[in-house]
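Numbering of ligands and ligand atoms starts at 1, following listing order.
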Amino acid sequence: MEQIDLKSYTYQQMEKLTAEMGLPRFRAGQIFGWLHEKRVSDFDEMTNLPAALRSQLAEKFYINAIRVKKRLVSSIDGTVKYLYELRDGNCVESVLMHYHHGNTLCISSQVGCRMGCRFCASTIGGRVRDLTASEMLDEVYMAQADSGERVDGVVMMGIGEPLDNFDNVMAFLEILSDPRGLNLGLRHVSLSTCGLVDRIYALAERRLQLTLSVSLHAPNDAIRSRSMPVNARYNVDTLLRACRDYFAATGRRISFEYALIAGENDAPEHAAELAARLRGMGAHVNLIPVNPVAETGYRRGDRAAIERFQNELRLRGVNATIRRELGADISAACGQLRRQDADASTSGRVPVTEGGRQL
Ligand code: SAH
């Protein structure tokens with residue numbers, strides 16, 4: 001019989017399970033606490049459960065664990081990049097960043113991605129599978145255990161499209177923010193999407209306190225369609241309407257990501273067009289100098305072009321910041337380490353990383 005992943009159970013599901021097993025209600029709290037507060041890796045560590053119950057659980061369930069396969073530490077800013085190996089041998093990445101307001105962990109939500117954005121390294125091999133809630137939780141738990149530091153905020157901007165793995169991501173968020181577990185408030189969580197409109201509406205219904213980030217990357221359909229296949233399904237108008245509706249329903253302002261690609265979407269007229277489309281949304285635009293990925297051929301513009309773009313937006317009343325780059329020496333941009341590792345495994349080479357220390 002295939003074992004079941006107990007660490008992916010929300011508190012409610014745990015209560016249902018213990019009820020079905022005929023156990024007193026407090027057992028749900030005990031088991032949940034062992035998994036998500038004390039974060040044990042073996043049922044035998046659950047010392048306040050009767051031995052018979054522990055072995056009963058161990059027969060039917062497993063406790064997910066992931067392993068740090070590689071850890072790179074930036075010598076510039078201390079950013080830590082983890083390559084994690086999952087139970088089935090697949091790998092994903094997380095990045096631990098230090099800001100003055102605390103530590104933020106960028107996590108992956110899928111092994112690979114099927115959205116096909118042309119500038120993105122994570123999508124090159126397509127999607128292998130979704131991550132379970134427990135695997136996403138373990139990205140956070142493991143980063144804390146390994147670094148000895150508290151993760152204060154989580155951004156879902158690593159490998160994968162979180163809204164393409166909707167149910168597991170919702171369970172992950174519920175467990176992550178549960179006061180009986182890590183208790184990380186959703187105000188400290190950002191979820192980034194390439195723009196799956198039907199799922200944005202589904203998310204709005206949940207009324208979560210998280211920040212929704214939308215990867216726009218273009219002011220119009222002509223440009224967006226060139227780099228983002230999802231635009232054929234949900235065009236810019238449809239996406240922005242969903243964003244306005246999301247804001248109206250939740251009261252949470254949306255943050256837009258805009259990767260500046262030289263000669264593609266970074267001209268002043270693009271900024272003007274973008275500002276016109278975002279008017280009245282209270283939106284924030286996060287400008288990202290595009291990370292060159294060998295396979296894509298995209299280049300970033302110079303600093304002056306990036307600042308000019310920001311100024312054009314600000315002049316038109318749109319709040320815009322330029323993302324500070326962290327971990328530049330350890331290829332911290334998403335998807336790159338997993339790809340290097342896969343290349344190395346198939347060719348027998350040792351992965352090469354420039355600069356950063358490999359521990
Ligand atoms: N699938 C989600 C989240 C993962 S990517 C999404 O699309 O939003 C996190 C952010 O990094 C997205 O805005 C994505 O478009 C951006 N990104 C991907 N590759 C990039 C690159 N080479 N340079 C700059 N930003 C990139």
Tell me whether the guanidinium CZ or amine NZ of Arg323 lies under 6.0 angstrom from the six-membered ring centre of Tyr258 and within 45° of its axis. no

Do Arg54 and Phe43 form a cation-pi contact, if we require the NZ or CZ to be under 6.0 Å from the six-membered ring centre and within 45 degrees of the ring's axis? no

Please compare Pro289, Gly160, Ala121, Gly158 and report which has the shortest non-hydrogen distance to atom 1 (N) of ligand 1. Gly160

Strictly by modelled atom types, are Asp221 and Asn231 linked by a side-chain donor-acceptor pair under 3.5 Å? yes

Pairwise distance CG(Asp329) to OG(Ser74) - rounded to 0.5 angstrom: 3.5 Å

Near Cys194, which atoms of ligand 1 are under 4.0 Å from a heavy atom of that residue? 6 (C), 7 (O), 8 (O)

Would you tell me whether His98 and Glu149 have side-chain atoms, one donor and one acceptor, within less than 3.5 Å of each other? yes

List ligand 1 atoms under 4.0 Å from Cys120, heavy atoms only on the residue side. 18 (C), 19 (N)

Among Gln110, Glu257, His217, which residue places a heavy atom closest to atom 15 (O) of ligand 1? His217

Backbone, side chain, both or neither: what part of Thr193 comes under 4.0 angstrom of ligand 1, heavy atoms only? backbone

Of the listed options Phe256, Phe119, Tyr258, closest to atom 17 (N) of ligand 1 (non-hydrogen atoms): Phe119

